[in-house]
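Written below as structure tokens is the structure these notes are about.
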Amino acid sequence: MKQHTPLTPGIVAGRLTPQEYEANFGDISPRLAPHEASVAANRCYFCYDAPCVTACPTSIDIPLFIRQIATGTPEAAARTILSQNILGGMCARVCPTENLCEGACVRETAEGDPVTIGRLQRYATDTLMADGTHPFTRAKPTGKRVAVVGGGPAGLSCAHRLALLGHSVTIYEARAKLGGLNEYGIASYKAPEDFAQREIDWLLQIGGIEVRTNTKVESLSKLRDYDAIFLGVGLAGTNSLGLDKMKNVRDAVEFIAELRQQPDRAKLAVGRNVVVIGGGMTAVDAAVQSKLLGAENVTIVYRRTRGDMGASDVEKAHAETHGVRIVTGAVPAAMGAEARFTYAADASQSLALAADQVLSAIGQTLAQVPVGEKDGLRHEGRKLAPKPAPDVWAGGDCAAGGDDLTVTAVAEGRDAAESIHKALMGA
Amino acid sequence: MANLQSTFVGIKSPNPFWLASAPPTDKKYNVERAYEAGWGGVVWKTLGSEGPPVVNVNGPRYGAIWGPDRRLLGLNNIELITDRPLQVNLQEIKEVKRKWRDRALVISLMVPCDEESWKDILKRIEDTEADGVELNFGCPHGMAERGMGSAVGQVPEYIEMVTRWVKQYSRMPCIVKLTPNITDVRRPAEAAKRGGADAVSLINTINSITSVNLDSFAPEPTIDGKGTHGGYCGPAVKPIALNMVAEIARSPETRGIPISGIGGVTTWRDAAEFMALGAGNVQVCTAAMTYGFKVVQEMISGLSQYLDEKGLASTADLVGRAVPNVTDWQYLNLNYVTKAVIDQEACIKCGRCYAACEDTSHQAIAMSADRTFTVKEDECVACNLCVDVCPVESCITMRELGLGELDQRTGRKVASFANWTTHPNNPSAKAAE
């Protein structure tokens with residue numbers, strides 16, 4: 001059945017054997033076995049006012065949940081996690097923990113070897129979710145109705161907290177599925193086996209949340225019947241390279257989304273020589289997955305220094321371990337069968353890379369709709385203000401102040417829900 | 001390298017590390033493996049009277065408690081004395097002793113508390129050429145219900161009586177093994193001495209229930225839904241054992257009686273501590289049962305290095321060196337003042353010292369916004385809890401204030417030695433000279 005190999009010129013599908021695809025897109029960091037979890041949990045020092053908690057955007061009580069794992073109650077640990085972060089399962093998989101909790105762990109300071117907080121969090125949340133029950137009970141209905149625009153991490157977190165507090169929530173999602181970047185935007189090996197949708201199904205068990213997918217909100221004026229509106233629309237636009245659009249240049253976000261939605265990897269076309277432009281997590285996810293799809297040569301080219309890259313050291317190392325080359329200090333000059341770059345340090349020197357396929361990952365932007373001027377929403381910089389109008393709240397990547405992480409979006413959605421609750425109930 | 005050669009009540013062994021009477025010394029096969037690994041001696045697992053062998057439970061015999069990473073901290077057992085025929089044991093002891101002449105081999109004994117029984121067993125073991133006998137007056141489970149083991153060890157008069165019989169009917173060195181399941185370990189030690197014992201060994205295991213099964217609601221180890229108290233041993237009991245050894249070593253009535261130290265010896269350091277408190281040698285069981293016989297090799301190299309570093313020529317030079325420094329509380333210097341000092345370079349900012357001090361002690365550690373922890377000398381009573389809870393060894397230390405230095409907590413300058421016996425708050429204080 002295999003028609004092509006990594007050496008086949010051009011952009012083609014089916015470069016690998018079914019076994020290779022399966023191996024390449026399996027779980028990158030499988031759930032800990034109970035013994036592994038016990039050993040890892042027992043390394044936690046139960047710090048006072050722990051630095052890991054401070055480093056967590058959702059302020060999960062990490063020492064407590066780890067102690068709960070160590071004492072054989074991972075379900076209680078999961079409740080500790082989920083009470084702060086309802087998407088604790090996904091965050092355990094996608095958080096750049098080396099920059100957050102694990103980076104702050106005192107055992108990182110002591111031995112350069114932090115407690116594996118992310119994997120322990122996954123152990124707890126997976127254990128609780130495995131029995132299919134939902135650990136929270138909805139408060140008595142308040143009769144208040146809230147519209148949540150955007151079904152990504154911020155919207156889901158906001159909707160769950162609002163529903164928990166007894167409000168009725170409607171989520172409007174432009175795409176066919178809820179999840180936002182969890183579903184469309186992260187590397188598939190980070191959350192295999194349809195985890196994003198399983199987590200959402202589990203989350204919605206709280207009740208009181210109506211979901212309208214394939215429903216793009218064109219203007220907020222249509223939502224004026226609601227008592228409050230939360231905008232978690234993400235960054236739907238992407239920056240353009242500003243060069244002549246060539247046929248082989250593709251948006252990395254779109255490439256990743258297609259990959260996530262196609263269960264049969266053999267149907268996904270990838271170039272023999274792939275050039276990814278950008279330096280963030282999207283660039284790494286696109287580059288590594290290109291390699292895993294069978295590209296022979298994959299190069300990430302970033303215009304500034306290695307230290308300036310948005311991707312963490314662990315992500316960079318992950319890319320390089322998978323055979324991705326990282327070139328820094330090179331600015332795109334022309335894209336074609338050959339991708340040409342000029343070195344920032346010396347404009348007289350250039351770099352030419354064979355490029356069957358160029359993936360552009362140079363950042364996302366706030367799209368106009370439904371947050372255009374006609375809705376009178378306040379902006380901060382190029383993003384929405386956290387409270388862009390009197391009865392409108394915003395959170396996640398579309399809102400100013402965060403750092404474009406799933407976990408930040410969850411925190412902002414949760415906090416917006418608490419703020420909405422306070423406003424609606426006059427508490 | 002220091003010579004670890006040890007002579008205990010006349011029994012020579014190449015090192016002071018003996019295996020205690022327990023499952024590791026129940027038969028020739030194990031004992032030979034132990035000798036091959038380097039153990040200096042063994043106390044053969046307790047022999048009983050001639051007759052139908054003892055029976056053991058056929059379910060679990062051990063329970064345990066663990067530290068992080070499932071490090072075994074304490075073990076308990078409900079196993080009885082040897083369940084092999086007496087003749088088999090005697091034959092094997094004889095064979096092993098002939099083959100391993102340089103190693104110590106002592107036989108542990110437990111027979112009913114009557115003269116004939118002791119006379120009989122002593123006669124039977126004569127032929128083995130074993131180096132000595134240890135009287136098991138300590139085993140707290142099973143045999144005690146039949147009037148043996150700790151049932152004898154808890155009655156000083158019985159200890160004295162049996163020890164007398166043993167000395168009367170045997171020329172072998174006699175070590176009396178003491179139970180810790182009493183209120184004052186000096187009384188049975190005194191009784192052993194009065195009876196003519198050549199030495200005491202301690203501690204035997206402690207009555208214990210290691211855990212309760214929360215599904216079946218039965219103590220562990222559980223035998224068909226029921227459990228019984230077992231004998232507790234391992235690293236967790238070491239502090240109890242050290243104190244009992246020290247009490248015997250420093251008591252005027254028992255001072256000078258040779259002591260074989262037992263209770264949680266796991267490393268050379270534990271052994272050295274027992275010996276410094278007066279033990280002439282040590283007996284080990286749980287460490288071997290946890291890690292295998294090879295652990296003795298670390299004990300040998302470690303003790304040898306330590307003796308070299310201290311300029312001590314032999315283990316005998318170490319024995320008892322800490323005994324003069326064991327005293328009663330009333331004699332402690334109340335004018336000795338220390339303050340905790342946190343080494344900021346070593347600190348990993350876990351904050352455990354702060355939590356311990358702030359929540360449970362004297363609010364003597366300050367925490368800054370950037371998690372710098374410092375000692376408030378005007379509050380620090382030098383309790384040492386911060387040192388004990390800190391995960392980094394030597395990160396927090398206690399600094400001794402010099403004579404005349406101001407103690408910021410009391411506002412008084414450090415004065416010269418004075419203890420409770422002369423303290424003004426002590427109603428029975430003697431006037432200071």
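Every chain is numbered from 1 and lettered A, B, ... according to where its sequence line falls, protein lines coming before strand lines. Nothing here was measured: the structure is a model prediction, and the numbers come from that model.
When all heavy atoms of Cys47(A) and Cys350(B) are compared, the closest pair comes out as CB-O, 3.0 Å.
Around CZ of Arg306(A), the count of heavy atoms belonging to other residues, nucleotides or ligands within 6.0 Å exceeds 12. Within a 6.0 Å sphere centred on CZ of Arg67(A), heavy atoms belonging to other residues, nucleotides or ligands number 12 at most. Asp224(B) CG: 12 or fewer foreign heavy atoms inside a 6.0 Å radius. Within a 6.0 Å sphere centred on CZ of Arg71(B), other residues, nucleotides and ligands contribute 12 heavy atoms or fewer.
Using a 4.5 Å heavy-atom cut-off against chain A, the contacting residues of residues 363-396 of chain B are Met367(B), Arg371(B), Pro391(B).
Taking the side chain as every heavy atom from C-beta outward, Tyr45(A) and Ile348(B) approach each other to under 4.5 Å.
Atom OG of Ser38(A) is separated from atom CZ of Arg70(B) by 8.0 Å, given to the nearest 0.5 angstrom. Asp69(B) CG to Arg43(A) CZ: the interatomic distance, rounded to the nearest 0.5 Å, is 9.5 Å. Residue Tyr48(A) holds its OH atom at 15.0 Å from CZ of Arg352(B), rounded to the nearest 0.5 Å.
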